[in-house]
Chemist: 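Before I ask anything, let me first share the structure, which is written out below as C-alpha cells.
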Amino acid sequence: MNAEYLPDFIERKWISKWEQEAIFEPEPNEQEKYFITVPYPYLNGILHAGHTRTFTIGDVIARHKRMQGLNVLFPMGFHVTGTPIVGLAELIKNRDPQTIEVYSKHHGIPESKLHTLESPEKIVDFFSVEAEKSMRSIGYSIDWRRKFTTTDDAYKKFIEWQFNHLYENGYIVKGSHPVKWCPADDNPVEDHDILHGEGANIVDYTLIKFEYEGCIFPCATLRPETTFGVTNLWVNPEIEYVKIKVANDENDETWVVSKDAYDKLLHTDKDIQLIETVPSFSLIGIKVTNPLTREKVITLPASFVRGDNGSGIVMSVPAHAPFDYLALRDLYDSDLSAYGIDENPRYIKLISLIDVPEFSDYPAVDAVNQFNINSQNDSLAEDATKLVYKKEYHSGTLKQNTGKYANIKVSKIKDILTKDLIDQNIGELFYEFSEPVVCRCGTPCVVKMVKGQWFLHYSNPGWKRTVTECVDQMDIIPEELRVEFHNKIEWLKDKACARKKGLGTKLPFDKAWLIESLADSTIYMSYYILAKFLNEDIGAEQLTNTLLDYILLDIGSLEAASISSGLERELIEKIKTDFSYWYPVDIRTSGKDLVPNHLLFFLFHHVAIFGRDKWPKSIAINGFVSLEGKKMSKSKGPLLTMNEAVHLYGADVTRMYILSSAEQTQDADWKNDKVENAKKQLERFYSFAHQIIKSFSSNDFKNRHEYNDLDHIDKWFLSQLQQRIYQTNISLKQVKTRNALQNSFFILFNDVKWYQRRGGSRLLPYILDVWVRLMAPFTPHLCEEIWDNMEHTNGNFISLTQYPIYNSELIDIDAQLAEELVSKTLEDMDEILKVIKLKPTTIYLYSTPKWKKYVFMTALSMNDQGNLDVGLLIKELMKESEMKKYGKIVPKYAQKVVSEIKGMSDEKISFLLKSNLNETEVLNLATDFFEKETGCQVYVYNGDSPEYDPKNKAGNSTYLKPAIYVE
RNA sequence: GCGAGGGUUGCCCAGCCAGGUCAAAGGCGCCAGACUUAAGAUCUGGUAACGAAGGUUUUCGUGGGUUCGAAUCCCACCCCUCGCACCA
C-alpha cells in the first residue's frame, strides 16, 4: 500500500476493475431487487456540479442498497429533445461570442472542437460521450448497457406507443390557450426571447358586456362580482375608440372599445372586423344597461382610464375601488355640459356589495381618507387600491344585494360567477399581461389564442385524484414535501404538449406536431429495461405497439407480439420477465426544481399508463448547488463541471464534499477551500488505514470477530460503534447523506481518537474493517484500495460486501455509562484546574457513598412507577434502617435527586435503570489516564470512608459525579 | 399576490416533526502544545462570557404565549431564497 494517498491512481485502477468484472450489470435473480433512477441529463452542455449532487446521491443509495444485499439496477440515458440543443447548434454555427466563450471556458471544450458542433446531431454525439466519460470517472455504479438518447428511433417508437395510449384513453384533448406572441415575428415568444417583461404573467380578466342601443360596451375586470356595485362607466375623452363587429355563435355583435383593445382582440380566437372610429365624446353622458342588474348607469369622463389596458372602458364601483371613488369625487360640482350632462354627479349613490370586517360599507372611501388622497392622479391611489383589494379578497363576503351569490367569500366567487356570466353571454374571458412585454425585436407582444392545440388534460379531476392516491401510497423524502406535491397536483392545468420546433418524436395521431419534451420523459424508466435488448439484438421497427402492450401492460398475447415484431417468443418472454422483475421504480431522486414539472408529470403518466403495481414507490428530493455563493448557469457561467471537480480534487473527495456540505433539501455551496479541507480529511483517513495495515498482519484482520477478554474501552468502542452504524443506516435510508457522513466518518473519527487516547488499540483492525465498509458508498475507490490491502477477503470487492449491520448485543450500557463518568470527571477536573490559580500536584477523587446511590436508584424506580415525589421518596427511604444514620442530610439530597431526575429524558432514565456501575472501580481503572491528562498524581477514595479529606470535599459527590479535591 | 423553504453560537452547517443528557454535534477558522534548526504539513487539546472549586449569567430573527422546563410547541410580526408553466 502506497504511503501517500494518490486519488487519481486509485480511482482509475478501481474503475477499470469494476468495468472488467462487470459488477454493476445486474440481471434478475432470486434476490430482492432495487430499481433506482435519477433524471437523465439534458445534453446542451457538460455535466456540472448540480448533476454531480443529484447523481452522487443516487449512486450512494445504489451502493448502500447493493451492499445490503439487494440486486440494484441504476441505469442512465440522455435527454436531447426540445429546442435548446437546436438553439445551441445555431449559436455555435454563427460563432456567437458569448456562447463560444462560455463553452470553451466554463464547459472546458477546446475551441477547435467546439467549432465542429454545428448541428444538433453532432452536439448530441459529443456530449453524450462526454457525459458518460464524466460519470464513469466519478465512479457511478451505472449499468451502461442500458444507455440511450431520446432521439433514438426505438425510443421514438416507445414514445409513440405512450402517446397512442394517452390519446385513446382521453388524456389528450384539443383546445386553445393563450400565449405570449410577437406580431412582428408571427411566433410565440419564450422567456429568453423577451427584451422587457420577463416576469409578466398572463392574467385572465372578465369582460362584462354593458349594453347601449344594440352596441356592447365591454368592461374588463379582475373582480366580476363588483358588477353588482357599478354606478357608472368611465371613458377617457383623450383616447381613440372604435366600433367593431365581433362574430358570435348565433349573432354578430357590435362592440365599442379603445383602438389598442381592438389591436389586441385581433390576436384572440375571435373574428373581428373594424366598422368605424368613434369620437370619445359621443360615448360620454349616455345611459348604458348593466347586463347583470339591468340598471341603467351613466358614462362619465376619467383621465385614469388607459387605452392599452383592458378594453379602454372601465366600470366604476366607487364603494370598493379607490380610483373609481376618486374619479367620481373629482367630478363633483364640475360643469359637464360639454358632454351633454347636466346632472351633478353628486346624485350618484355608492353601492356596497362586499362585507369586510375592518371597513365600513364603503372601503374605498375609508382607504382614500386613511391615505389622505387628493385626486385620481395621486400616486397613493395605487396603494389604497392594493390595500382594499387585498382585504376584500381575503376577508370579504358578498352581501344580500348579490342575490344568489350572497354570503359567498370573495376569494371563492370569481370562477363561479365568471362561468355563469359566460353561460348567459353577458361576460367573456379576456387575457392581458400583468406588465408590458416586449420582444427581442423591439415589438410589443400581445396575448394570442393558439387554436386547435393538443393538450395533456392534466386538469381532469379523475386523473388528479388517481395521482393523489399514488402520492399517498408513496414515500416522499423528505416527508415535508408531500404537501408540496399535493399543492402542485391541485394547481396543475392542462399543458400544451405539441410543438413545431426542436428535436423529438412526432405525435402519432397528428404528424404535423412534435411531442413536447417534458412529456416525452415521463415513463422512460421502463424503457431502460427494453434498452438493454435494443442495444443488443432488436431493431427499432420491431418495437411495435402490440409488442409493447404485451411486455409493458400484459395486454394481448405472446403469439400476437411475436408475429407483429418478428421476434422469438423466448426473447419476448425474457424481456417481459425482466420488466416485471425490475418494475416499478423503487426510488427516483432528483433536484427540487423538478417537483412542479417533471416529477409531477412522471406521476401523472405513470398512473395513466400503468397499473397500481407499477406505480413508483418513492421520490427523494435534493437542493441546488451554487458555486462560491453564486448561482451556476450553463449558458452564461459560472459553472463547475464534474470533470473539473474530479480532475482537481479526485472522485472520492468530490463525492464526499458534495454530500457533506448540506443536508437534503438545503442548497449546497461549493467552496474550493472547503473542498481542499475535505481532501485533507480523506488523506488523514488514508494514512490512518495505512498505519493500521502496516502495524497489523492480515491475520489480525481475518480474525476480526474473535476477541476474548475485552478491556473496558474495547467494550465501550464496540457499543459506540453500533450507534454509528445504526445512525448511518437510518440516515442513508432517509437520504440524509450529510448526517450519514457525519456518523460514518467525522464522529466515528472522533470516537477512534478517544479510543486511542484512552489507550485502546487491539480493536483497530476490526475498526478499520467496519469503518471502510461504512464509508464505501461515499468514497468507493479509496475504500476498495484499503479493503484490498487488508488482504483478508480473497479479492472480493468491497462494493459487493455486506454493509455493517447494527448489532444490539454489542451495546454495553455499563461501558458507555462508565466512559461518560470518566469523560465528565475529566471535564470537571479541567474546569477546576482552569479556575484555581495554584499549581496543582495532586488530585483526590471521592466516589459516591452507598447511601447516595441508594437514594438515587430508589428515586429512579419510583419515577419508573410514576409516583416520584420528594415526600414519598423520603418516607420510602426512611423505612431502611441504614438510611436513618443519614437522617439529617437525606431530605436535602433527596430533593436534589428528584429535580435532577425530573429533568432527565426518558431515554437517559431507562439507560440508568438498566445500568449497574461500580464508580470506584471505574475511576480506579482510569487513574493512569487522568494522570496523563492532568499531569497530577490522582488518588481515588471510596466516598463511604475516605482516608484523606482535609477540606471535607467528599460530601459534594453525587451519583455519577465524584467529589474532587485538588492540592 | 399565491405556494414552498429558510433566519442557530467567528464562518459553514446540524438539532426543531417525537420539549428535559443543549452553552447547543461536526467541519472550517482561531489559540495552545507536540514534532521540526525553523516554516509548512501532520498529530493532540482548547475555543460564549464571567469565575481562586466543578458554578453562574446571557444566547438559537423579533415580540408574546403554553409548560415545572422552550432552539424545539402555539400566536403575531420582520427579513431572505426559490417556483408560478408550456422552458428544460
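Excluded from the calculations below are hydrogen atoms, water molecules and symmetry mates; all remaining heavy atoms, backbone and side chain alike, are included. Since this is a predicted model, take the numbers as computed values, not measurements.
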Chemist: Using the ring-ring contact (aromatic ring centres under 6.0 Å, His included) criterion, which residues pair with A:F688? Sequence neighbours excluded.
Modeler: A:W771
Chemist: Taking atom C1' in both B:rU42 and B:rG5, what distance in whole Å separates the two?
Modeler: 41 Å
Chemist: Which pairs, with at least one residue in residues 476-501 of chain A and sequence neighbours excluded, count as a ring pair (Phe, Tyr, Trp, His ring centres under 6.0 Å)?
Modeler: none
Chemist: With sugar-phosphate meaning primed atoms plus P, OP1 and OP2, does A:Q681 contact a base, only sugar-phosphate, or nothing at under 4.0 Å between heavy atoms?
Modeler: sugar-phosphate
Chemist: Between A:N44 and A:K634, do the side chains contain an N or O donor and an N or O acceptor separated by less than 3.5 Å?
Modeler: yes
Chemist: Hey, what are the protein-to-nucleotides 5-9 of chain B N/O distances that come in under 3.5 Å?
Modeler:
none

Chemist: Only pairs with both distances under 3.5 Å count, Watson-Crick or wobble alike; so what is the partner of B:rU9 in this structure?
Modeler: none
Chemist: Within this structure, what is the CD-to-P distance between A:E628 and B:rC11, rounded to whole angstrom?
Modeler: 18 Å
Chemist: How far, in whole Å, is B:rC82 from B:rC31 if one measures between their P atoms?
Modeler: 37 Å
Chemist: What nucleic acid atoms does A:S660 come within less than 4.0 Å of, heavy atoms only: base, sugar-phosphate, or nothing?
Modeler: nothing
Chemist: Are A:Q720 and A:E819 close enough that a side-chain donor and a side-chain acceptor fall under 3.5 Å?
Modeler: no
Chemist: How would you list, by chain and number, every residue that makes a ring-ring contact (aromatic ring centres under 6.0 Å, His included) with A:H107, sequence neighbours excluded?
Modeler: A:Y103
Chemist: If the P atom of B:rA14 is compared with that of B:rG26, how far apart are they to the nearest Å?
Modeler: 15 Å
Chemist: Rounded to the nearest Å, what distance is computed from the CD atom of residue A:Q723 to the P atom of nucleotide B:rG26?
Modeler: 16 Å
Chemist: Suppose we screen for salt bridge (Lys or Arg N to Asp or Glu O under 4.0 Å). Which residues come up paired with A:K671, at least two apart in sequence or across chains?
Modeler: A:D669
Chemist: Could you work out, with side-chain contact (heavy atoms from CB on, under 4.5 Å) as the rule, every residue matching A:Q666, not counting sequence neighbours?
Modeler: A:A662
Chemist: Using a 4.0 Å heavy-atom cut-off across all strands, classify A:E484 as base, sugar-phosphate, or nothing.
Modeler: sugar-phosphate
Chemist: Could you tell me which residues satisfy ring-ring contact (aromatic ring centres under 6.0 Å, His included) with A:Y393, sequence neighbours excluded, listed by chain and number?
Modeler: none
Chemist: Which is true for A:D830 with a 4.0 Å heavy-atom rule: it touches a base, it touches only sugar-phosphate, or it touches nothing?
Modeler: nothing
Chemist: Distance check, P atoms only: B:rG65 and B:rC16, in whole angstrom units.
Modeler: 26 Å
Chemist: Could you tell me how far apart A:E683 (CD) and B:rA41 (P) are, to the nearest whole angstrom?
Modeler: 12 Å
Chemist: Work out how far the C1' atom of B:rU9 is from that of B:rU57, and round it to whole angstrom.
Modeler: 16 Å
Chemist: Quote, to the nearest angstrom, the C1' distance that separates B:rA70 from B:rC60.
Modeler: 11 Å
Chemist: Would you indicate what A:H79 reaches in the nucleic acid, counting non-hydrogen atoms under 4.0 angstrom: base, sugar-phosphate, or nothing?
Modeler: sugar-phosphate
Chemist: Quick one: label A:D494 by what it contacts on the DNA or RNA (base, sugar-phosphate, nothing), any heavy atom closer than 4.0 Å.
Modeler: base
Chemist: Judged by modelled atom types alone, do A:T54 and A:N622 share a side-chain donor-acceptor pair under 3.5 Å?
Modeler: yes
Chemist: Starting at CG of A:L518 and ending at C1' of B:rC87, how long is that distance when rounded to a whole Å?
Modeler: 7 Å
Chemist: What integer number of Å spans the C1' atoms of B:rA76 and B:rC12?
Modeler: 31 Å
Chemist: Is there aromatic stacking of A:F745 on B:rG26 here, judged by a ring-centre distance under 5.5 Å and a plane angle under 30°?
Modeler: no
Chemist: Roughly, in whole Å, what's the span from CH2 in A:W513 to P in B:rC86?
Modeler: 15 Å
Chemist: Let's see if you get this right: which residues in residues 959-967 of chain A place a heavy atom under 4.0 Å from RNA chain B?
Modeler: A:K961, A:P962, A:A963, A:I964, A:Y965, A:V966
Chemist: What does B:rA76 pair with, Watson-Crick or G-U, if both distances are under 3.5 Å?
Modeler: B:rU62
Chemist: Mind checking A:R757 for me? I need base, sugar-phosphate or nothing, with any heavy atom below 4.0 Å counting as a touch.
Modeler: sugar-phosphate
Chemist: Using atom CZ of A:F455 as one end and atom C1' of B:rA85 as the other, report the distance to the nearest whole Å.
Modeler: 12 Å
Chemist: How far, in whole Å, is B:rG19 from B:rU67 if one measures between their C1' atoms?
Modeler: 9 Å
Chemist: Do you see a donor-acceptor pair shorter than 3.5 Å between the side chains of A:E967 and A:T842?
Modeler: no
Chemist: Which part of the nucleic acid does A:K951 contact within heavy-atom distance under 4.0 Å: base, sugar-phosphate only, or nothing?
Modeler: nothing
Chemist: How long is the line joining CD of A:E663 and C1' of B:rC17, in whole Å?
Modeler: 15 Å
Chemist: State, without any angle test, whether A:N672 and A:Y649 hold a side-chain donor-acceptor pair at a distance under 3.5 Å.
Modeler: yes
Chemist: Could I get the full list of side-chain contact (heavy atoms from CB on, under 4.5 Å) partners for A:S661, not counting sequence neighbours?
Modeler: A:Y657, A:A668
Chemist: Mind calculating the distance between CG (A:D669) and C1' (B:rC28) to the nearest angstrom?
Modeler: 14 Å
Chemist: Over all strands shown, is A:L741 touching base, sugar-phosphate only, or nothing at heavy-atom distances under 4.0 angstrom?
Modeler: nothing
Chemist: Pick base, sugar-phosphate or nothing for A:N750, based on heavy-atom distances below 4.0 Å to the nucleic acid.
Modeler: sugar-phosphate
